[in-house]
Amino acid sequence: NVYVNFAPYIESVAEKKLGIFDGGYALDSQSEQQLAYLRAIGTETGYDPVLEVLDSIPTTSLYRGKEITTYSYKVKVNSYYKVGVKNMVISYDDYNKIVEYQDKTGIQVLYPIVEISNVYPEGTDPTLVNENPNIWFKCKDTKGTIATDENGNPVPAYTTDQAKQAIEYNSLRIESDPGTYIYNLAKSGAVQVRICYYNYYTYKNGHIPEYIFGTDVYGRDLFVCIGVGSRFSLVFALIVSAINLTIGAVYGAIQGYYGGAIDMALDRFADILGNLPMIVVTTLFQLHLATKVGSVGAFLFAFVLTGWLGMAALTRKQFYRFKGQEYVLAARTLGASDKRVMFKHIFPNSLGTIVTSCVLTIPGVIRSETTLTYLGIINMSDFAGTSIGELFATGQSAMTTSPHALFYPAIYLSLLLICFNLFGNGLRDAFNPSTKGE
């Protein structure tokens, strides 16, 4: 895909010229010749990339005793239209399918062939010029000055030598074609063509290139990437929270119920684990454990190793709070075992606070996972396709030219964390006995 780090684009919105979702970005310091090149793309394909000329700055200089004024332009262009036409080498079968598609839909994908010898003046050394597939017009010199007719329109440089085409062309022709332009060249058992990439994308994918969040550094739909990345983050966070809840609840229950020397010994062990730096643990596990259990397994183990400590401390507090209540003493008097007292009488009364805390740890896990993938300590691309942290990392590298690549993942992550925090607060109020019925 050539649509790399392109801005958000929705055709129906772009047609209303609202200044949003038009795939636009600003080009500074464009000369008159460069502006003419952009206009020429629209002349050939019908997709004018120039959305708006934002500013023109005149510059006056002396040339042979005369004052000459030139202009430098700031132009907003549609990045999808700016791609224009590209050269491609395809098989005969693919070529015939494109021809069939053109005839069926009336959409022009193939454009006339341009040879560099037709573009520049006779005798020009081909090594001195840049072969650009969007230069379909004759140039006056090697600098690329456009040659125009009496009406000021570019003069086409399309090839008319029928002997050079690989296969006879019987399909749609551009409006200005007198019927002599050729649309393919023989190329070592294949066909070389010029294609309008916007229409070619539509042919290949069955829809126009619309990206509500734009594209990322790999040309992928950023909206889809955020969905795929968040899917992994959410599932991973839920699994980690469930495991930490189970381990922490059992560990904290033993601490809080028995107390004394058992509580002190278990608490000191928890202190040792709690002082291990998370980044160091994750890095070591990725280096030494990932080869045996995979990167996801090592990542999960790193989170579980110390993640349950907070849940254990909370459960311990709740057990200390309830183990002296009358209903617990009554259960002991009636001969209930320690296990029954712990998990049938005390734990259910602590469940509201524990579950609420568990839900509130989910955004913390997501934030930590995003940070570690952003820093490159772990790589989830092979397993999950992408992740929010990876989108942050790739978006940062293109932040100056394509701010959307970082802006949309950041907004999404912020809203996701806010939603989980609000959900956790709602659960806390729902489980709070003092607010029931309000």
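If you read the sequence from its start, that first residue is 1, and numbering goes on from there.
- Within the 3.5 Å criterion, the main-chain N or O of Leu238 finds no donor-acceptor partner in the side chain of Ser241.
- Between the Asn78 side chain and the Asp22 main chain, a donor and an acceptor come within less than 3.5 Å of each other.
- Between Phe6 and Tyr80, the ring-plane angle classifies as perpendicular under the 30° and 60° cut-offs.
- Taken from CG in Leu305 to CE in Met278, the straight-line distance is 8.5 Å, to the nearest 0.5 Å.
- Gln325 places no side-chain N or O within 3.5 Å of a backbone atom of Lys323 that could act as its donor or acceptor partner.
- The two residues Tyr111 and Tyr183 have their closest heavy-atom pair at C-CD2, 3.5 Å.
- The neighbour count for Ile208 CD1, taken as heavy atoms of other residues, nucleotides or ligands under 6.0 Å away, is above 12.
- A donor-acceptor pair is defined here as one N or O able to donate and one able to accept, closer than 3.5 Å; such a pair exists between the side chain of Asn134 and the backbone of Val85.
- Screening Gln396, Glu369, Glu390 against Tyr374 for a side-chain hydrogen bond (donor to acceptor under 3.5 Å, both in side chains) leaves a single residue, Gln396.
- Here the side chain of Asn96 pairs a donor or acceptor atom with the backbone of Tyr92 at under 3.5 angstrom.
- With Asn205 contributing its side chain and His207 its backbone, the two residues share no donor-acceptor pair below 3.5 Å.
- For Tyr327, the OH atom sits in a packed shell: over 12 heavy atoms of surrounding residues, nucleotides or ligands are nearer than 6.0 Å.
- Checked by atom type and distance alone, the side chain of Asn5 pairs as donor or acceptor with a backbone atom of Val217 at under 3.5 Å.
- Looking only at side-chain heavy atoms (C-beta outward), Phe343 and Lys339 come within less than 4.5 Å of each other.
- The two atoms that bring Ile362 and Ala237 nearest to each other are CG2-CB, 3.7 Å, heavy atoms only.
- Of the candidates Val50, Asp48, Leu38, Leu38 is the only one forming a side chain to side chain contact (heavy atoms under 4.5 Å, CB included) with Lys82.
- Here the rule is side chain to side chain contact (heavy atoms under 4.5 Å, CB included) with Trp136, and of Ile174, Ile41, Thr43 only Thr43 fits it.
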Inset, instruction - Would you please test Thr159 and Val114 for side chain to side chain contact (heavy atoms under 4.5 Å, CB included) and show each step? - result: CA-CA 6 Å; Thr159 304; Val114 176; 5.6 Å; no
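- Note: Tyr412 and Tyr408 fail the aromatic proximity criterion, with ring centroids not under 6.0 Å apart.
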Legend entry - side-chain hydrogen bond (donor to acceptor under 3.5 Å, both in side chains) between Thr394 and Asp216, worked out: CA-CA 8 Å; Thr394 56; Asp216 69 354; 5.4 Å; no
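- Ring orientation note: the planes of Tyr197 and Tyr200 are tilted relative to one another, at an angle of 30° to 60°.
- One distance of note links CZ of Arg340 with CD1 of Ile346; it measures 13.0 Å at 0.5 Å rounding.
- Between Tyr198 and Tyr47, the ring-plane angle classifies as tilted under the 30° and 60° cut-offs.
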Inset, instruction - Evaluate the criterion ring pair (Phe, Tyr, Trp, His ring centres under 6.0 Å) for residue pair Phe137 and Tyr37; output intermediate values, then yes/no. - result: CA-CA 10 Å; Phe137 41 79; Tyr37 275 15; 5.6 Å; yes
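- Side-chain contact between Leu273 and Leu309 is present, with at least one heavy-atom pair separated by less than 4.5 Å.
- No more than 12 heavy atoms of other residues, nucleotides or ligands sit less than 6.0 Å from atom OH of Tyr71.
- Heavy-atom neighbours of Lys76 NZ from other residues, nucleotides or ligands within 6.0 Å: above the threshold of 12.
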Inset, instruction - Could you give me the CA-CA distance, side-chain angles and deciding distance for Phe236 and Phe299, then say whether side chain to side chain contact (heavy atoms under 4.5 Å, CB included) is met? - result: CA-CA 10 Å; Phe236 183 80; Phe299 193 31; 3.6 Å; yes
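- Using a distance-only test at 3.5 Å, with no hydrogens or angles considered, no donor-acceptor pair links the side chain of Ser402 to the main chain of Ala405.
- Residue Leu416 holds its CG atom at 11.0 Å from CD1 of Ile226, rounded to the nearest 0.5 Å.
- Between Tyr201 and Tyr3, the ring center distance clears the sub-6.0 Å criterion.
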Legend entry - Residue pair Phe232, Val228: steps toward the side chain to side chain contact (heavy atoms under 4.5 Å, CB included) verdict: CA-CA 7 Å; Phe232 169 76; Val228 171; over 6 Å; no
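- With rounding to the nearest 0.5 angstrom, the OG1 atom of Thr401 is 9.0 Å from the OH atom of Tyr25.
- Lys187 is linked by a salt bridge (Lys or Arg N to Asp or Glu O under 4.0 Å) to nothing, counting only residues two or more places apart in sequence or in another chain.
- With sequence neighbours left out, Tyr181 forms a ring pair (Phe, Tyr, Trp, His ring centres under 6.0 Å) with Tyr158.
- Of all non-hydrogen atoms in Thr373 and Thr370, the two that sit nearest each other are OG1-O, 3.0 Å.
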Inset, instruction - Show your working on side chain to side chain contact (heavy atoms under 4.5 Å, CB included) between Leu51 and Tyr81 and close with a plain yes or no. - result: CA-CA 10 Å; Leu51 297 174; Tyr81 292 172; 5.7 Å; no
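- Side chain of Arg194 to main chain of Pro112: a donor-acceptor pair is present (N/O by atom type, distance under 3.5 Å, no hydrogens or angles).
- Side-chain atoms of Asn199 and Thr202 include no donor-acceptor pair closer than 3.5 Å.
- By the 4.5 Å heavy-atom criterion applied to side chains, Pro8 and His404 are counted as neighbours.
- Between Arg220 atom CZ and Leu391 atom CG the span is 6.5 Å, to the nearest 0.5 Å.
- Remark: Glu11 does not engage Lys16 in a salt bridge, criterion side-chain N to carboxylate O under 4.0 Å.
- Expressed to the nearest 0.5 Å, how far CD1 of Ile366 lies from OG1 of Thr371 amounts to 11.5 Å.
- Counting heavy-atom neighbours within 6.0 Å of Phe322 CZ, excluding the residue itself, gives a total above 12.
- At distances below 3.5 Å, not a single donor-acceptor pair connects side-chain atoms of Ser357 with backbone N or O atoms of Ile354.
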